[in-house]
Protein chains: 2
Amino acid sequence: MNQTAPIKRKRGRPPKASSAEYRDTRQELITAGLAVLTEKGYSYTGIDEILRKAGVPKGSFYHYFDNKESFGRILIEAYGRYFAGKLDRWFRDSSLSPLQRLGAFVEDAKAGMEKFEFRRGCLIGNLGQEMTALPDAFRALLQDVFRDWERRTAEVLREAQQAGEIAAHTQCDQMAHFFWIGWEGAVLRAKLDQSPQPLDQFTEGFLSLLQGN
Amino acid sequence: MNQTAPIKRKRGRPPKASSAEYRDTRQELITAGLAVLTEKGYSYTGIDEILRKAGVPKGSFYHYFDNKESFGRILIEAYGRYFAGKLDRWFRDSSLSPLQRLGAFVEDAKAGMEKFEFRRGCLIGNLGQEMTALPDAFRALLQDVFRDWERRTAEVLREAQQAGEIAAHTQCDQMAHFFWIGWEGAVLRAKLDQSPQPLDQFTEGFLSLLQGN
DNA sequence: TATAAATTAGACCGATCGTCTATTTAATGA
DNA sequence: TCATTAAATAGACGATCGGTCTAATTTATA
């Protein structure tokens with residue numbers, strides 16, 4: 001996010017000593033790309049805007065990436081991994097009960113949206129919505145990410161079951177699927193309303209569905 | 001949708017007799033605009049694409065509308081009205097119980113998505129997601145539409161309450177809000193998965209939340 | 001019959017899109 | 001040490017965007 005040093009970007013092959021710079025430009029493009037695409041999606045976003053944000057000249061982009069589509073694929077995978085890590089961080093926190101872990105994730109996600117004044121949403125949700133305008137190859141990637149997140153969520157629900165927090169007959173896989181269907185809607189609405197309220201409202205409903213109010 | 005007659009579009013002032021044609025071009029632009037924007041959203045869609053789809057030359061667009069933003073506002077309002085009518089049609093069908101009316105709406109919406117092979121979603125949801133890339137004036141319009149749909153939905157829930165289909169302590173306004181938060185997520189996911197399954201999954205969860213299993 | 005109103009035709013502008021070639025700099029191998 | 005190659009940036013390129021504008025055409029109106 002922050003430019004730790006005002007690195008001079010120079011033409012030509014970089015000196016080997018500072019080989020840190022080699023990866024830097026590429027990583028800065030990915031970071032800037034995620035920032036912009038979580039806000040505005042893929043189709044409408046121009047490469048120029050990402051380059052401007054990263055302070056990288058246009059020629060560099062096509063040195064590090066084949067084209068916009070390839071860049072998009074890399075962003076989807078990077079975001080999927082990033083978010084899976086975030087899920088794990090909370091879902092494996094044994095100092096909390098399984099349902100509390102779910103609640104802790106929600107609070108974290110809320111804070112994440114608030115931090116950017118609800119301008120940034122979920123990359124996967126954004127791209128899912130504009131799927132008809134996207135390269136076909138994106139569909140399977142986006143579906144894979146959801147499958148992964150749902151698998152992790154189902155796992156924490158099964159732990160809640162074992163801990164007796166939710167009924168034994170609860171169908172955890174289906175509930176995890178339901179969560180991610182509705183959660184993306186809540187993120188969308190939070191962006192529209194510029195408020196965490198939809199995230200809370202959906203979470204409350206989901207928890208009360210889990211516990212059979 | 002279908003061109004009922006192969007109307008010849010002519011230059012010059014139209015004859016007064018067929019004053020139907022006066023509104024025709026304007027209406028065809030709106031229809032084509034809705035078709036494209038429910039698929040791809042606002043920002044990435046060019047006016048040219050809408051004109052091509054409607055078979056209308058560019059000069060006509062700026063005769064009927066001030067600019068793209070104004071056109072967008074008109075589409076939001078048109079879609080809001082269109083969908084409110086669809087809601088009313090089902091929610092006021094007294095041959096069905098209140099909860100059955102909700103289910104009938106869901107079936108109708110599912111059929112609507114299937115008809116276009118899950119390429120078209122909800123205009124309001126689409127625009128909500130890309131809000132950061134939209135004219136500021138759109139925000140309030142989109143929120144108004146959701147408020148309107150939620151009001152109509154809360155009404156049918158209250159009727160379900162009176163009919164004893166759901167508990168008396170159910171907070172109908174909140175439940176209607178929950179429905180529309182999650183429903184938009186389900187539409188998004190149905191588009192990604194090209195399947196009605198997410199719509200069914202969300203509806204099943206919502207109904208079971210309502211009935212407090 | 002002259003003028004005004006309504007509509008379409010399509011050229012045009014500056015900006016921006018994604019892509020590609022040329023240039024510059026440093027590492028490498030003989 | 002010097003030619004060659006690898007790594008990176010610079011910026012041109014044609015296509016297309018939203019938006020505007022003038023001209024052309026047709027009918028209504030007075």
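Throughout, a chain's letter reflects where its sequence line sits, starting with A, and its residues are numbered from 1. Quick note: numbers below take in every heavy atom, side chains included, and nothing from hydrogens, waters or symmetry partners.
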Name the nucleic acid region contacted by B:Lys68, choosing base, sugar-phosphate or nothing; use a 4.0 angstrom heavy-atom cut-off, strictly under. sugar-phosphate
d(CG, B:Asp48; P, C:dC12) in whole Å: 16 Å
Please find out if less than 6.0 Å separates the ring center of B:Phe138 from that of B:Tyr42. yes
Could you tell me the separation between the CZ atom of A:Arg26 and the P atom of D:dA7, rounded to a whole number of Å? 14 Å
Under a 4.5 Å cut-off applied to non-hydrogen side-chain atoms, are B:Leu127 and A:Leu192 in contact? no
Indicate whether OP1 or OP2 belonging to C:dT8 is found under 4.0 Å from a side-chain N or O atom of B:Thr25. yes
Base, sugar-phosphate alone, or nothing: which one does B:Gly59 contact when heavy atoms must sit under 4.0 Å apart? base
Assign the ring pair A:Phe61 / A:Phe65 to parallel, tilted or perpendicular, where the plane angle (0 to 90°) is split at 30° and 60°. tilted
Ring-plane angle category for A:Phe178 and B:Phe178, please: parallel below 30°, perpendicular beyond 60°, tilted otherwise. parallel
Out of C:dT19, D:dA10, D:dA8, which nucleotide sits closest to the side chain of A:Pro57? D:dA10
Geometric class of the B:Phe83/B:Trp180 ring pair [parallel <30°, tilted 30-60°, perpendicular >60°]: perpendicular
For A:Ser43, which contact category applies under a 4.0 Å heavy-atom criterion: base, sugar-phosphate, or nothing? nothing
Looking at D:dA7, I'd like to know if its phosphate oxygens (OP1 or OP2) sit under 4.0 Å from a side-chain N or O belonging to A:His63. no
Find the distance B:Phe65:CZ to D:dC21:P and express it as a whole number of Å. 19 Å
Round to the nearest Å and state the distance from B:Tyr64 atom OH to D:dT20 atom P. 18 Å
Rounded to whole Å, the NZ-P distance (A:Lys58 to C:dA22) equals 18 Å
Rounded interatomic separation in angstrom, taking CD1 from B:Ile50 and C1' from D:dC17: 13 Å
Taking only side-chain nitrogens and oxygens of A:Ser60, does any of them come within less than 4.0 Å of OP1 or OP2 of D:dA8? no
Categorize B:Tyr62 for me: base, sugar-phosphate, or nothing, with a 4.0 angstrom heavy-atom threshold over every strand shown. base
Given atom CZ of A:Phe61 and atom P of C:dC20, what is their separation to the nearest angstrom? 12 Å
Given atom CG of A:Asn67 and atom C1' of C:dC17, what is their separation to the nearest angstrom? 14 Å
